[in-house]
Amino acid sequence: TVPFPINPILLLAARAFGLQPSSTLGMSLGYGIYIRRDYENSRRVVVHEMMHTAQHERLGGLDRFIKAYFRECYHYGYLNAPQEREAMLAEQHVW
């Protein structure tokens with residue numbers, strides 16, 4: 001399974017948005033990308049998570065990315081959050 005944050009606030013936020021370790025295919029935490037073993041050869045999942053890594057770089061760090069990401073998920077919903085939509089769009093260009 002993909003590890004969940006041990007920070008109590010981040011863990012609470014992840015659960016509030018309905019993120020479940022069993023349904024999460026991958027997760028980018030800075031330069032560490034975690035991918036479920038049964039999806040380890042999925043280019044789409046890798047590209048999706050690499051886009052999140054690029055977003056954290058663009059925003060100036062992992063802390064800023066996580067705050068912005070959770071804020072977007074709260075305001076727009078997980079599937080409509082701008083950073084999530086950008087990652088989903090990136091993965092669509094993979095064959």
Side-chain angles (χ1 to χ4, degrees):
T1 59
V2 175
F4 265 45
I6 56 174
N7 178 295
I9 294 171
L10 294 178
L11 181 59
L12 181 64
R15 288 184 176 153
F17 296 123
L19 302 177
Q20 301 295 325
S22 61
S23 64
T24 302
L25 304 182
M27 182 178 293
S28 171
L29 296 172
Y31 296 106
I33 296 177
Y34 299 89
I35 299 176
R36 267 184 25 192
R37 188 172 312 279
D38 52 336
Y39 282 84
E40 67 186 346
N41 294 317
S42 170
R43 288 181 175 184
R44 293 182 87 132
V45 175
V46 171
V47 166
H48 183 104
E49 297 309 326
M50 288 176 71
M51 177 54 73
H52 285 316
T53 299
Q55 292 165 343
H56 108 255
E57 286 185 334
R58 185 172 61 221
L59 289 171
L62 183 59
D63 288 344
R64 289 182 178 178
F65 166 75
I66 289 174
K67 288 176 185 174
Y69 184 81
F70 282 147
R71 188 178 324 110
E72 290 176 4
C73 287
Y74 175 78
H75 287 296
Y76 303 104
Y78 172 71
L79 294 176
N80 293 314
Q83 291 186 92
E84 190 59 30
R85 300 286 304 158
E86 183 181 29
M88 287 189 274
L89 182 62
E91 74 179 68
Q92 291 176 5
H93 297 286
V94 177
W95 302 307

Indicate if Y34 and F65 have the same hydrophobic cluster label, given that clusters are the connected sets of ILVMFWY residues with side-chain heavy-atom separations under 4.5 angstrom. yes
Among side-chain atoms of Q92 and H48, is any donor-acceptor pair under 3.5 angstrom? no
Is Y78 reachable from I66 through a run of hydrophobic residues whose side-chain heavy atoms are each under 4.5 Å from the next? yes
Identify the heavy atoms of A81 and C73 that sit nearest to each other, and give their distance. CB-N, 3.9 Å
With respect to T53, which candidate in L29, I33, L62 satisfies the side-chain contact (heavy atoms from CB on, under 4.5 Å) definition? I33
Going by heavy atoms in the side chains, are M51 and E86 under 4.5 Å from each other? yes
Could you tell me which non-hydrogen atom of P82 sits nearest to which non-hydrogen atom of Y76, and how far apart they are? CD-CD1, 3.5 Å
May I ask you to decide if S28's main-chain N or O and E49's side chain share a donor-acceptor pair within less than 3.5 Å? yes
Are V47 and M88 in one and the same hydrophobic cluster, where Ile, Leu, Val, Met, Phe, Trp and Tyr link if side-chain heavy atoms are under 4.5 Å apart? no
Would you please say whether a donor-acceptor pair under 3.5 Å links the side chains of Q55 and H52? yes
Can you hop from F70 to Y74 via hydrophobic side chains spaced under 4.5 Å? yes
Which value, rounded to the nearest 0.5 Å, describes the distance between D63 atom CG and H56 atom NE2? 9.5 Å
For atom CZ of R58, is the number of surrounding heavy atoms from other residues, nucleotides or ligands below 6.0 Å larger than 12? yes
Min side-chain heavy-atom separation R44-Y39 under 4.5 Å: no
Nearest non-hydrogen partners of Y69 and Q83, listed with the distance: N-NE2, 3.5 Å
